[in-house]
Protein chains: 2
Amino acid sequence: MSENQNIKVAVDAIVFGYQNNQLYVLLIQQKFGTKDSYWALPGGLVQNDESLEDAVKRELKEETNISVNYFEQLFTFGDDVFRDPRNRVISVAYFALVDSSKLNVKADSDAENAQWFKIDEVPALAFDHTIILGKAMERLKAKLTYEPIGFDLLPKVFLFSELENLYCTILEKEIDRRNFRKKILSFEIVEETDHFSPLKSGRPAKLFKFNKQKYNALLDKGFHFEIKFA
Amino acid sequence: MSENQNIKVAVDAIVFGYQNNQLYVLLIQQKFGTKDSYWALPGGLVQNDESLEDAVKRELKEETNISVNYFEQLFTFGDDVFRDPRNRVISVAYFALVDSSKLNVKADSDAENAQWFKIDEVPALAFDHTIILGKAMERLKAKLTYEPIGFDLLPKVFLFSELENLYCTILEKEIDRRNFRKKILSFEIVEETDHFSPLKSGRPAKLFKFNKQKYNALLDKGFHFEIKFA
DNA sequence: GCAAAAGTGTTCGTACTACACCCATGG
DNA sequence: CCATGGGTGTAGTACGAACACTTTTGC
């Protein structure tokens with residue numbers, strides 16, 4: 001019946017970064033466009049002999065030359081038959097996080113025109129990418145509360161205030177500093193380091209790091225990370 | 001570069017049912033096989049002009065003639081390039097629930113050889129369908145605790161003991177009957193009916209029903225369904 | 001009157017909430 | 001000595017956990 005199926009399979013990546021109390025997303029300028037072509041999520045067609053995950057990683061490398069800290073499949077968009085006007089295309093979207101060290105690296109070498117946008121300054125996007133981004137935001141907010149993915153948006157060592165601000169900013173909620181700290185520390189998955197913040201003002205703050213081994217060990221024992229708010 | 005992409009897009013459905021303290025999954029016998037061909041999840045190739053959701057619904061109708069109570073995208077399987085030995089195929093898997101009234105209906109009319117299997121008596125499946133089924137089970141267990149999808153596996157009116165057993169069975173946990181009832185009732189999303197159980201033995205039990213309108217209204221007010229266990 | 005399942009209340013402990021003051025540093 | 005952010009403790013409350021007896025029916 002549909003032996004002459006003609007549907008293309010693409011992958012797209014939503015890559016989030018975080019810096020200075022701001023959430024960012026990585027976009028590329030489409031190559032085929034003329035001057036006012038839309039910005040779009042990095043992505044492209046899957047090759048015949050390549051897994052979906054390999055395809056996203058390849059596209060990300062080709063288009064932005066960035067490596068990510070966290071990575072998972074988000075959703076497959078294929079209900080709008082005309083989402084790409086050129087052809088029937090379905091897109092498997094992936095959700096990724098990078099730490100702030102990646103944000104300043106300007107689009108590398110053979111990278112195309114890639115750029116970080118503050119999440120509330122994202123322009124109109126190509127195809128249905130605005131919808132995809134919306135779904136990625138939902139996932140980010142949800143996962144932040146029940147998996148320790150916030151650490152993948154921060155440098156290896158970080159201040160408690162940075163972690164706290166990350167939660168406030170992304171979830172758009174107020175958090176009690178004391179309760180938040182108690183809660184996180186009670187999990188015993190973040191550890192003090194010997195180092196202190198290069199302070200701008202005020203009392204120097206300890207730098208902390210996330211102990212992923214310990215988190216994985218706890219997971220096996222049935223531990224469940226969860227942060228709730230008022 | 002990949003203008004000659006040759007990847008087929010399929011959809012598969014994992015349809016769960018529940019009856020008599022047993023979870024069931026719906027499988028079909030593959031048509032191209034000879035006698036000992038594998039059982040498989042219902043599904044097939046997507047047509048060029050059809051959305052992914054429409055494709056699953058169509059395949060379900062063609063192959064099993066069953067309509068579902070709950071429906072959502074599960075995951076897209078496309079990392080194993082050789083998951084289908086005939087061709088490169090990626091499969092968008094959907095997760096569905098039906099109530100027990102569907103379980104007794106033998107494969108209808110033009111339905112192929114469709115059959116319900118107890119979840120712990122599922123045979124070896126075609127392709128990577130065992131993996132897909134595993135992922136669907138995970139999703140079912142998880143969702144049961146944070147969304148009121150258990151009701152979609154039960155008849156419109158049901159006994160508290162049935163609801164409780166559903167949770168026990170699927171989650172493989174023991175539940176305190178009194179705490180469970182209190183918890184569910186506190187949500188105010190299930191209501192008594194005037195009817196009583198056709199009793200086999202013991203004291204007659206009230207029949208309850210799930211009020212979906214009320215649930216949706218509460219959702220808007222920020223309500224969050226959640227059931228935890230010891 | 002006995003077996004079988006339904007229905008119900010209380011106590012206890014833990015975990016979340018709310019909240020305010022002192023500390024260490026740089027300028 | 002002042003401004004800036006960092007660091008900490010306590011009391012009240014609400015919710016989940018544990019737990020056992022009574023009720024209604026059929027036989």
Side-chain angles (χ1 to χ4, degrees), chain A residues 19-21 144-146 154-155 157-169 171 173-209 218 221-230, chain B residues 20-21 144-146 148 154-155 157-169 171 173-209 218 221-230:
Chain A
Q19 194 175 48
N20 294 128
N21 298 348
L144 218 44
T145 71
Y146 65 84
L154 290 174
V157 297
F158 54 87
L159 304 175
F160 243 100
S161 56
E162 293 176 315
L163 184 62
E164 184 198 321
N165 279 321
L166 184 149
Y167 273 84
C168 294
T169 305
L171 299 178
K173 296 224 170 126
E174 303 234 318
I175 297 177
D176 182 277
R177 204 157 49 92
R178 293 158 289 187
N179 292 338
F180 179 78
R181 190 180 178 116
K182 253 182 296 183
K183 182 72 178 160
I184 298 282
L185 286 175
S186 75
F187 294 149
E188 300 189 305
I189 56 177
V190 300
E191 294 166 355
E192 284 185 33
T193 67
D194 300 333
H195 305 102
F196 282 77
S197 65
L199 53 80
K200 307 182 253 285
S201 78
R203 176 174 172 174
K206 285 179 203 152
L207 285 161
F208 289 82
K209 64 179 176 192
L218 285 170
K221 294 183 197 148
F223 169 73
H224 190 217
F225 181 91
E226 178 123 40
I227 300 187
K228 297 200 187 134
F229 300 98
Chain B
N20 293 127
N21 298 349
L144 218 43
T145 70
Y146 67 84
L154 290 174
V157 297
F158 53 86
L159 304 175
F160 243 99
S161 56
E162 293 176 315
L163 184 62
E164 184 198 322
N165 278 322
L166 185 148
Y167 273 84
C168 293
T169 305
L171 298 179
K173 296 226 170 124
E174 304 232 319
I175 297 177
D176 183 276
R177 206 155 50 90
R178 294 159 289 188
N179 292 337
F180 180 78
R181 189 179 178 116
K182 250 180 300 180
K183 182 73 180 162
I184 298 282
L185 287 175
S186 75
F187 294 150
E188 301 188 304
I189 55 176
V190 300
E191 293 167 355
E192 282 184 35
T193 68
D194 300 332
H195 304 103
F196 281 79
S197 66
L199 54 80
K200 308 181 255 285
S201 79
R203 176 175 176 174
K206 285 180 202 150
L207 286 162
F208 290 80
K209 66 178 175 192
L218 285 171
K221 296 183 194 146
F223 169 73
H224 190 216
F225 181 92
E226 177 125 41
I227 300 187
K228 297 200 188 139
F229 300 99

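The figures here come from the full heavy-atom set of this structure, side chains too, leaving out hydrogens, waters and symmetry mates. Chain A is the first sequence line, chain B the second, and so forth, proteins listed ahead of strands; every chain is numbered from 1.
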Using a 4.0 Å heavy-atom cut-off across all strands, classify [X] as base, sugar-phosphate, or nothing.
X	result
A:Lys200	nothing
A:Ser186	nothing
A:Ser161	sugar-phosphate

Between [atom2] on [N] and [atom1] on [X], what's the gap in Å once rounded to a whole number?
X	N	atom1	atom2	result
B:Arg178	D:dA17	CZ	C1'	10 Å
B:Leu185	C:dG9	CG	P	12 Å
A:Ile227	C:dT17	CD1	C1'	16 Å
B:Ile184	D:dG16	CD1	C1'	14 Å
A:Asn165	D:dG5	CG	P	11 Å
B:Phe208	C:dA6	CZ	P	11 Å
B:Asn21	C:dA5	CG	P	11 Å
B:Ile175	D:dC19	CD1	P	16 Å

Least distance between heavy atoms, A:Asn179 atom then A:Asp176 atom: N-OD1, 2.9 Å
Nearest atoms (heavy-atom pairs only) where A:Phe225 meets A:Leu144: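 That closest heavy-atom pairing would be CE2-O, 3.7 Å.
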Heavy-atom side-chain proximity of B:Phe196 to B:Lys206 below 4.5 angstrom: yes
Check every atom of [options] against the side chain of [X] and return the nucleotide holding the closest atom.
X	options	result
A:Ser201	D:dT8, D:dT4, C:dA6	D:dT4
A:Pro204	C:dA24, C:dG7, D:dG7	C:dA24
B:Lys206	D:dA18, C:dT8, C:dC16	C:dT8
B:Arg177	D:dA20, D:dA17, C:dA20	D:dA20
B:Lys182	C:dG7, D:dG9, C:dG9	C:dG9
B:Arg203	D:dT24, D:dA17, D:dT4	D:dT24

Side-chain donor/acceptor of B:Arg181 to base of C:dG7, under 3.5 Å: no
Pair of N/O donor and acceptor under 3.5 Å linking C:dT14 base with B:Lys228 side chain: no
Residue mapping more 5' on DNA chain C - nearest nucleotide basis, B:Leu159 or B:Asn179: B:Leu159
Along DNA chain D (nearest heavy atom to each residue), the more 5'-positioned of B:Glu226 and B:Asp176: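 Closer to the 5' end of DNA chain D: B:Glu226.
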Steps toward side-chain contact (heavy atoms from CB on, under 4.5 Å) verdict (A:Leu185, A:Arg181): CA-CA 6 Å; A:Leu185 286 175; A:Arg181 190 180 178 116; 3.9 Å; yes
Audit row: B:Ile184, B:Ile227, side-chain contact (heavy atoms from CB on, under 4.5 Å) steps and yes/no: CA-CA 8 Å; B:Ile184 298 282; B:Ile227 300 187; 3.5 Å; yes
Mutual orientation of the aromatic rings belonging to B:Phe160 and B:Phe180 [parallel < 30°, tilted 30-60°, perpendicular > 60°]: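 The arrangement is perpendicular - the two ring planes meet at more than 60°.
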